[in-house]
Amino acid sequence: MTTDITASRRSFLTHAGAGAGMVAAGMALGGSAAGAAESKTTATKPAPLKSQGGFWPGDTRLVISVSMQFEAGGQPLKGTDSPFPKVDFPDSVPSDAVANTWFAYGYREGVPRMLDLWDKHGVKVTSHMIGEAVRKNPDLAREIVKRGHEAAGHGPRWSSEYAMSREEERQFLTDARTMVAEVTGQTPVGYNANWLRRGPHTLPLLQELGYLYHIDDVSRDEPFIEQVNGHDFVVVPYTLRNNDIVLIEGRNYTPTQFLEQVTLDFDQLYEEAGHRRRMMSISAHDRISGTPQMVRVWDKFLTYAKSHPGVTFLRKDEIARFAAGSPLTVRETETI
């Protein structure tokens with residue numbers, strides 16, 4: 001079948017808003033793609049999913065939750081983690097130029113390439129967006145939302161929240177939401193702290209500010225509910241074991257080994273999903289999973305996963321809304 005996806009990859013950056021980001025057919029759980037393509041509101045606020053007696057909606061056996069970190073362009077000019085040897089630059093050197101070119105790959109090549117991949121497979125993901133990255137590349141941020149993906153909060157910039165006072169962090173979290181909403185038209189309802197390192201005030205502040213869920217937890221293979229400020233707060237667990245920045249950028253795995261890792265993880269969770277609610281979390285960073293060889297690996301994995309009956313890819317806001325209303329959702333007695 002002939003497709004113009006490759007051509008659209010470049011055209012949307014030069015003709016922003018001209019329709020290059022067509023939403024692929026086959027929305028999760030049989031939803032219509034037309035509505036998502038027509039308005040941000042439809043894509044931003046998916047209807048709550050209804051359970052039909054199983055662990056997940058309809059005939060879904062296993063849900064796969066994909067994170068796409070949009071961080072490139074929001075990093076500090078120097079001192080940021082990168083594949084290059086750490087250098088203590090003098091004050092006279094304003095930036096680590098070569099490290100910044102590595103990050104620039106994320107918005108110049110990585111995210112556009114991954115957007116085409118998600119379109120090819122009809123997969124919707126959650127994009128954790130750093131505010132400064134969004135402001136630096138607003139057309140790209142809007143394109144992510146236009147194609148039906150979720151825009152989630154990831155801080156206005158790379159900072160350590162755990163070192164902030166309560167009021168400093170409140171402003172930080174407010175800015176994280178506002179910066180994304182102003183550019184994309186979508187107000188984030190989910191949050192991911194820098195390297196998952198939240199502080200003692202983070203969860204109460206997220207609850208107070210109206211966030212629906214957070215992902216800074218790796219303790220389960222399914223969404224769950226914990227108590228924050230005396231109210232339910234949903235956790236859609238993240239992953240380190242299926243995370244490209246840990247395995248690939250950390251120079252521990254080759255792309256082929258990454259494929260084996262995520263395939264083995266999928267097989268086990270798919271088996272367990274026959275008798276309990278299971279969710280697979282997998283993470284893609286703009287400058288890492290957006291490389292040619294990693295997109296090939298992702299393509300193979302998505303093809304493999306979709307060949308199994310009852311596999312559904314859902315955005316994290318969809319997962320959180322379903323979990324919040326499901327009587328089968330685990331309720332933790334401890335809040336870590």
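Across Ala141 and Met129, no two heavy atoms sit closer than the pair O-CE, 3.9 Å. Summarising the geometry of Pro156 relative to Met179, their closest heavy-atom pair is CB-SD, 3.3 Å, with the distance given to 0.1 Å. Listed here is the closest heavy atom pair of Gly106 and Pro112: O-CD, 4.3 Å. Residues Val234 and Ala323 share a closest heavy-atom pair of CG1-CB, 4.3 Å. Between Ala72 and Asn137, the shortest heavy-atom contact is O-ND2, 4.3 Å. Across all their heavy atoms, Asp317 and Arg315 have their closest contact at OD2-NH2, 2.6 Å.
The shortest side-chain heavy-atom distance between Leu206 and Leu203 falls under the 4.5 Å cut-off. Ile225 places none of its side-chain heavy atoms less than 4.5 Å from the side chain of Val235. Here the side chains of Thr335 and Phe233 are not in contact, with every heavy-atom distance at 4.5 Å or above. Contact check for Met279 versus Leu62: no side-chain heavy atoms found under the 4.5 Å cut-off. Contact check for Phe258 versus Asn242: no side-chain heavy atoms found under the 4.5 Å cut-off. Residues Asp232 and Glu226 are not in side-chain contact: their nearest non-hydrogen atoms beyond the backbone lie 4.5 Å or more apart. Taking 4.5 Å as the limit, every side-chain heavy atom of Pro223 sits out of range of all side-chain heavy atoms of Tyr213. Using a 4.5 Å cut-off on side-chain heavy atoms (C-beta onward), Thr174 and Arg170 make contact.
Side-chain N or O atoms of His128 include none that pairs as donor or acceptor with a backbone N or O of Ala152 at under 3.5 Å. Judged by distance alone, with hydrogens and angles left aside, the side-chain atoms of Gln171 form no donor-acceptor pair with the main-chain N or O of Glu168 at under 3.5 Å. No donor-acceptor pair closer than 3.5 Å links the side chain of Asp286 to the backbone N or O of Tyr107. Looking at Asp221, its side chain never comes within 3.5 Å of a backbone N or O of Arg278 through a donor-acceptor pair. For the pair Ser326 (side chain) and Phe322 (backbone), a donor-acceptor distance under 3.5 Å is absent. A donor-acceptor pair under 3.5 Å is absent between the side-chain atoms of Lys316 and the main chain of Val236, judged by distance alone. Of the possible polar contacts, none joining the Glu169 side chain to the Arg166 backbone as a donor-acceptor pair under 3.5 Å is found.
Taking the ring axis of Trp118 as reference, the NZ or CZ atom of Arg147 does not stay both within 45° of it and closer than 6.0 Å to the ring centre. For the pair Arg276 and Phe55, the cation does not sit on the ring face, since its NZ or CZ is not both under 6.0 Å from the ring centre and inside 45° of the axis. For Arg61 and Tyr270, the positive end sits near the middle of the six-membered ring, less than 6.0 Å away and at most 45° from its axis.
No side-chain donor-acceptor contact under 3.5 Å links Tyr304 and Asp299. Between the side chains of Thr184 and Lys146, no donor-acceptor pair is found at a separation under 3.5 Å. Looking at Tyr238 and Ser67, their side chains never bring a donor and an acceptor atom within 3.5 Å of each other. Side-chain contact, Glu272 with Gln268: a donor N or O sits under 3.5 Å from an acceptor N or O. In summary, the side chains of Asp216 and Tyr191 do not present any donor paired with an acceptor at a separation below 3.5 Å, with no hydrogens or angles considered. Thr126 and His149 are not linked by any side-chain donor-acceptor pair at a separation below 3.5 angstrom, with hydrogens and angles left out of the test. Side-chain contact of His231 with Gln207: a donor-acceptor pair under 3.5 Å is absent, judged by distance alone. Looking only at atom types and distance, the side chain of Thr60 has a donor-acceptor partner in the side chain of Thr312 under 3.5 Å away. A donor-acceptor pair shorter than 3.5 Å cannot be found between the side chains of Glu167 and His201. Defined by atom type and a distance below 3.5 Å, a donor-acceptor pair is missing between the side-chain atoms of Ser127 and Gln69. Side-chain atoms of Asp265 and Gln261 include no donor-acceptor pair closer than 3.5 Å.
Note on Tyr211 and Tyr162: separate hydrophobic clusters, where clusters join Ile, Leu, Val, Met, Phe, Trp and Tyr whose side-chain heavy atoms are under 4.5 Å apart, directly or indirectly. Cluster annotation: Leu173 and Val134 are assigned to distinct hydrophobic clusters (Ile/Leu/Val/Met/Phe/Trp/Tyr, side-chain heavy-atom contacts under 4.5 Å, transitive).
Separating the CD1 atom in Ile282 from the CE atom in Met68 is a distance of 14.0 Å, to the nearest 0.5 Å. Taking CD from Gln186 and CD1 from Ile144, the interatomic distance works out to 10.5 Å, rounded to the nearest 0.5 Å. Note that CG of Leu302 and CD1 of Ile64 are 7.5 Å apart. Values are rounded to the nearest 0.5 Å. Here Leu247 contributes atom CG and Leu240 contributes atom CG; the two are 9.0 Å apart, rounded to the nearest 0.5 Å. A distance of 8.5 Å separates CG in Asp217 from CG in Leu196, rounded to the nearest 0.5 Å. To the nearest 0.5 angstrom, Glu260 atom CD is 9.0 Å from Thr254 atom OG1.
Two rings, from Phe313 and Trp56, have their centers 6.0 Å or more apart.
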Discussion item. For a ring-ring contact (aromatic ring centres under 6.0 Å, His included) check, start with the C-alpha distance between His285 and Phe70, then their side-chain angles and the critical distance, and finish with the verdict.
Written reply: CA-CA 7 Å; His285 287 72; Phe70 181 21; over 10 Å; no

Item to complete: Verify side chain to side chain contact (heavy atoms under 4.5 Å, CB included) between Val63 and Met280, making sure each step is shown before the conclusion.
Response: CA-CA 6 Å; Val63 162; Met280 179 180 182; over 6 Å; no

Worksheet item: Given Phe224 and Arg277, is the side chain to side chain contact (heavy atoms under 4.5 Å, CB included) satisfied, shown in steps?
Response: CA-CA 11 Å; Phe224 61 93; Arg277 183 180 289 170; over 6 Å; no

Item to complete: Check the pair Thr303 / His121 against side chain to side chain contact (heavy atoms under 4.5 Å, CB included), numbers first and verdict last.
Response: CA-CA 8 Å; Thr303 300; His121 288 276; 3.2 Å; yes

Discussion item. If you apply the rule side-chain hydrogen bond (donor to acceptor under 3.5 Å, both in side chains), what do you find for Asn194 with Glu161, and how did you get there?
Written reply: CA-CA 8 Å; Asn194 181 32; Glu161 289 178 50; over 6 Å; no

Practice prompt. Given side chain to side chain contact (heavy atoms under 4.5 Å, CB included), test Tyr253 with Val246 step by step and report yes or no.
Written response: CA-CA 9 Å; Tyr253 275 45; Val246 175; over 6 Å; no

Please list, one pair per line, the donor and acceptor atoms closer than 3.5 Å that link side chains of residues 288-295 to other protein atoms, with sequence neighbours excluded.
{"from": "Ser289", "atom 1": "OG", "to": "Asp244", "atom 2": "OD2", "distance (Å)": "2.6"}
{"from": "Ser289", "atom 1": "OG", "to": "Trp298", "atom 2": "NE1", "distance (Å)": "2.8"}
{"from": "Thr291", "atom 1": "OG1", "to": "Ile288", "atom 2": "O", "distance (Å)": "2.8"}

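Among residues two or more places apart in sequence or in another chain, the side-chain hydrogen bond (donor to acceptor under 3.5 Å, both in side chains) test is passed with Arg296 by none.
Salt-bridge annotation for Arg142 and Asp139: present, with a side-chain N of the basic residue lying under 4.0 Å from a carboxylate O of the acidic one. Arg287 and Glu109 are not joined by a salt bridge, as no carboxylate oxygen comes within less than 4.0 angstrom of a charged side-chain nitrogen. Salt bridge Lys124/Glu318: absent, no basic N to carboxylate O contact under 4.0 Å.
Heavy-atom contacts from other residues, nucleotides or ligands closer than 6.0 Å to NZ of Lys300 number 12 or fewer.
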